[in-house]
**Student:** 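Just dropping this structure here.
In what follows, every chain begins at residue 1, and chains take the letters A, B, ... in the order their sequences are listed.
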Amino acid sequence: MMRCGRFHYHAPRTLRDACAMLQDAGSDGMLLAGGTDLVPNMKRRQQTPKVVISLRHVAGLRDAGPDGNRVRLGAMLTLSDLTAKEEVRARHTALFKAAAQVATPHLRNMGTLGGNLCLDTRCNYYDQNYEWRKAINFCMKKAGEICWVAPSSRRCWAISSTDTAPALIALGAEVALATRDGERTLGVADFCRDDGIQYLTRNPDEILTQVLLPIPAPGESSTYWKLRRRGSFDFPVLSVAAWIRRPPEGRVEAARLVLGSVASRPVIAEAAAGLVGTTLSEDVIEAVAEEASRLAKPLDNTDFSLGWRKKAARYLITGALRELRGDDPQTLGPLARRAAELAPVG
Amino acid sequence: MSASGGVTPRAESRTRLSLRVNGEPVEVLFETYKTLLEVLREDLGLTGTKHGCELGECGACTVLVDSRPVLSCLLLAAECEGSHVRTVEGLAQGACLHPIQETFADLGAAQCGYCTPAMLMTACALLEKHPSPSRGDIRQALSGVLCRCTGYLQIFEAVEAAERRIRENSPGGSEGGG
Ligand SMILES: Cc1cc2nc3c(=O)[nH]c(=O)nc-3n(C[C@H](O)[C@H](O)[C@H](O)COP(=O)(O)OP(=O)(O)OC[C@H]3O[C@@H](n4cnc5c(N)ncnc54)[C@H](O)[C@@H]3O)c2cc1C
Ligand code: SF4
Ligand code: FES
Ligand code: FES
């Protein structure tokens with residue numbers, strides 16, 4: 001048996017208590033939500049908290065509902081809870097498709113929205129057991145000095161592999177963060193940071209309590225395309241979240257494109273500006289996809305070959321934009337056909 | 001039971017917990033670092049639930065917690081206070097197998113058998129929630145458990161056969177229903 005190390009376990013019932021416990025624990029403490037990221041990391045000794053503060057029994061963190069022109073989604077909603085919500089499926093397509101393609105149904109029954117946004121970054125040299133990492137000498141993400149992917153680098157390049165973060169950035173969502181002293185909100189885009197070790201701007205004493213999602217205005221649509229080796233279990237190797245506002249038969253008024261799993265944070269493609277004012281003709285889509293795919297500068301620390309992943313970026317972006325144009329998913333290849341069958345079972 | 005948690009830490013490193021396992025109330029004292037899988041197998045002697053990867057990558061350790069299939073290798077047992085945990089040991093009623101067990105045996109849906117407890121529990125949860133799932137629903141629900149032997153086809157067929165058997169045996173169930 002591969003076992004977790006020893007720790008003190010707390011199961012607070014109120015957010016206030018949870019915040020106090022987290023602050024008191026200082027750098028020894030970590031929050032436990034569904035545990036599908038933290039528990040394997042504890043078994044592999046990538047993360048070694050001395051104090052584990054469970055959010056499972058904290059009141060209010062599973063609430064969801066409208067709030068003015070936004071929807072509030074509690075951080076402890078499981079990904080299954082989320083995909084079972086008809087309004088998420090119908091209105092926030094990018095989030096639905098992202099959440100419905102995380103891992104497996106079993107893991108989605110456990111994994112939470114908040115945990116997904118705070119998911120640790122990934123790297124082939126880091127996602128290994130203790131003995132493996134010790135044998136080649138630990139890297140700087142945990143206990144070592146060097147980066148095995150880029151040995152002359154002073155930073156860690158581990159990859160942001162969350163499916164929901166790119167989708168939520170494309171949808172213009174915010175997160176609410178609570179401490180003992182109060183709450184602040186910030187855009188999901190500003191919550192993420194381009195560093196494999198400090199990959200969030202979250203302060204150590206902050207608890208993510210909710211996601212705030214704008215209710216789409218007429219003409220707004222979104223989608224999420226994910227590349228992975230198998231249609232179940234696997235983390236994204238590349239993903240694209242796209243959002244546009246376009247009146248029926250009209251021209252695009254606003255657009256956002258976000259690439260996932262290409263850096264230590266989701267990457268916003270400025271090239272999306274090239275969609276505004278157009279009717280999404282094939283030429284426009286191809287030019288924007290070409291430019292946006294240049295942001296995908298994959299490193300050799302995940303699945304698939306480098307060159308192929310770069311080519312795949314253009315394919316995914318083109319597909320997502322064609323889908324938002326209104327093309328029939330059945331004509332858009334196997335990824336789109338499979339995504340069209342996503343249904344909340346489990 | 002402590003006011004803050006409902007889980008009583010004892011000597012800090014051990015936890016005492018009350019939960020229900022296969023319908024029976026159970027109280028168990030265990031090392032706090034243990035997952036539900038470790039507590040089931042090592043402290044409760046329920047070895048029907050298998051351990052494979054122990055990292056969430058195979059599904060062999062699936063049990064039902066409050067009717068949902070979850071991976072017991074990633075769930076700290078301390079998190080299960082007051083939960084109802086169902087394992088493969090609870091499927092049969094005395095000498096009478098659950099229909100899903102019968103059809104797995106009849107149709108060759110188990111070969112080495114290592115994934116079988118997880119497949120059975122996942123299928124059981126699916127049939128309780130969706131009494132007549134499509135082949136697509138079955139594929140999706142079982143996509144969280146790997147099988148290295150069967151190629152899955154017999155497993156899908158066994159779930160469909162169990163669904164028919166349950167329907168035919170239920171009061172008011174019709175033989176020819178769609
Ligand atoms: C085999 C396998 C496949 C997977 N595939 C995917 C995949 O395809 N896509 C994907 O995105 N993920 C995947 N995951 C990772 C994980 O299952 C999901 O990201 C899940 O949503 C994590 O949520 P959790 O609640 O389990 O997080 P936990 O493990 O509980 O926590 C994750 C991290 O977030 C912190 N945290 C949790 N909640 C909060 C909060 N409210 N406030 C502040 N910090 C918090 C924790 O301290 C921890 O550092 C996979 C995992 C496994 C084991
Ligand atoms: S990118 Fe480098 S430092 Fe970061 S986890 Fe991988 S090997 Fe370690
Ligand atoms: S033992 Fe493999 S998922 Fe739990
Ligand atoms: S029967 Fe052998 S793994 Fe499924």
Side-chain angles (χ1 to χ4, degrees), chain A residues 1-14 16-18 20-21 32-44 51-58 78 80-81 84 100 103-111 127-129 230-235 338 341-346, chain B residues 2-7 9 12-13 15 31-35 37-38 41-42 51 53-59 61-83 118 121-122 125-126 129-130 133-134 136-146:
Chain A
M1 281 275 187
M2 206 182 214
R3 300 184 199 271
C4 292
R6 289 179 187 277
F7 53 84
H8 297 286
Y9 170 82
H10 298 296
R13 299 285 160 146
T14 65
R16 225 185 132 74
D17 285 353
M21 288 169 179
L32 175 70
T36 61
D37 180 44
L38 181 57
V39 173
N41 285 0
M42 285 167 64
K43 290 187 179 185
R44 291 183 294 229
V51 180
V52 170
I53 300 147
S54 164
L55 297 177
R56 182 171 299 256
H57 302 289
V58 174
T78 65
S80 300
D81 292 338
T104 70
H106 301 62
L107 284 156
R108 294 193 294 274
N109 284 342
M110 307 175 75
D127 297 309
Q128 304 287 348
N129 65 30
R230 299 170 293 182
S232 187
F233 281 97
D234 288 333
F235 281 91
R338 229 178 288 140
E341 288 165 14
L342 293 174
V345 176
Chain B
S2 79
S4 70
V7 173
E12 306 240 284
S13 69
T15 297
E31 305 285 333
T32 305
Y33 63 77
K34 283 193 175 185
T35 60
L37 176 66
E38 291 163 79
R41 293 183 56 89
E42 298 169 358
H51 59 112
C53 65
E54 298 167 17
L55 292 169
E57 294 167 7
C58 75
C61 63
T62 300
V63 299
L64 306 188
V65 173
D66 300 328
S67 301
R68 283 187 161 190
V70 297
L71 304 178
S72 61
C73 73
L74 299 189
L75 183 60
L76 294 182
E79 296 272 275
C80 298
E81 173 75 28
S83 297
M121 297 317 289
T122 307
L126 175 72
K129 197 166 164 194
H130 300 271
S134 67
D137 294 337
I138 298 171
R139 280 163 61 117
Q140 211 203 307
L142 296 179
S143 68
V145 185
L146 296 179

**Student:** Taking every non-hydrogen pair under 4.5 Å, which of Ser54(A), Gly231(A), Ala103(A) racks up the most with chain B?
**Tutor:** Ser54(A)
**Student:** Report the distance from atom OG of Ser83(B) to atom CZ of Arg56(A), rounding to the nearest 0.5 Å.
**Tutor:** 7.0 Å
**Student:** Output the option from Val70(B), Leu71(B), Thr62(B), Leu37(B) having the highest count of non-hydrogen pairs under 4.5 Å with chain A.
**Tutor:** Leu71(B)
**Student:** With rounding to the nearest 0.5 Å, note down the distance linking CG in Asp81(A) to CZ in Arg68(B).
**Tutor:** 5.0 Å
**Student:** For the interface with chain B, which of Met42(A), Lys43(A), Arg230(A), Arg44(A) has the highest count of heavy-atom pairs at distances below 4.5 Å?
**Tutor:** Lys43(A)
**Student:** Between Pro105(A) and Gly144(B), which heavy-atom pair has the shortest distance, and what is it?
**Tutor:** CD-N, 3.9 Å
**Student:** Can you list everything that forms a side-chain contact (heavy atoms from CB on, under 4.5 Å) with Thr104(A)? Sequence neighbours excluded, please.
**Tutor:** His106(A), Leu107(A), Ser232(A), Phe233(A)
**Student:** Does any heavy atom of chain A fall under 4.5 Å from the side chain of Leu75(B), the backbone, both, or neither of them?
**Tutor:** both
**Student:** Looking only at non-hydrogen atoms, find the nearest pair between Thr32(B) and Phe7(A) and report the distance.
**Tutor:** O-CZ, 3.6 Å
**Student:** Please determine whether a side-chain nitrogen of the Lys or Arg among Glu42(B) and Arg3(A) lies less than 4.0 Å from a carboxylate oxygen of the Asp or Glu.
**Tutor:** yes
**Student:** For Arg6(A), give me all partners under side-chain hydrogen bond (donor to acceptor under 3.5 Å, both in side chains), at least two apart in sequence or on another chain.
**Tutor:** Glu31(B)
**Student:** Chain A heavy atoms under 4.5 Å from Cys73(B): which part of the residue, side chain, backbone, both or neither?
**Tutor:** both
**Student:** To the closest 0.5 Å, what do you measure between CG (Asn109(A)) and OG1 (Thr122(B))?
**Tutor:** 9.5 Å
**Student:** Below 4.5 Å, heavy atoms only, C-beta onward: do Thr35(B) and Met1(A) meet side chain to side chain?
**Tutor:** no
**Student:** Where on Val65(B) is there a heavy atom nearer than 4.5 Å to chain A: the side chain, the backbone, both, or neither?
**Tutor:** neither
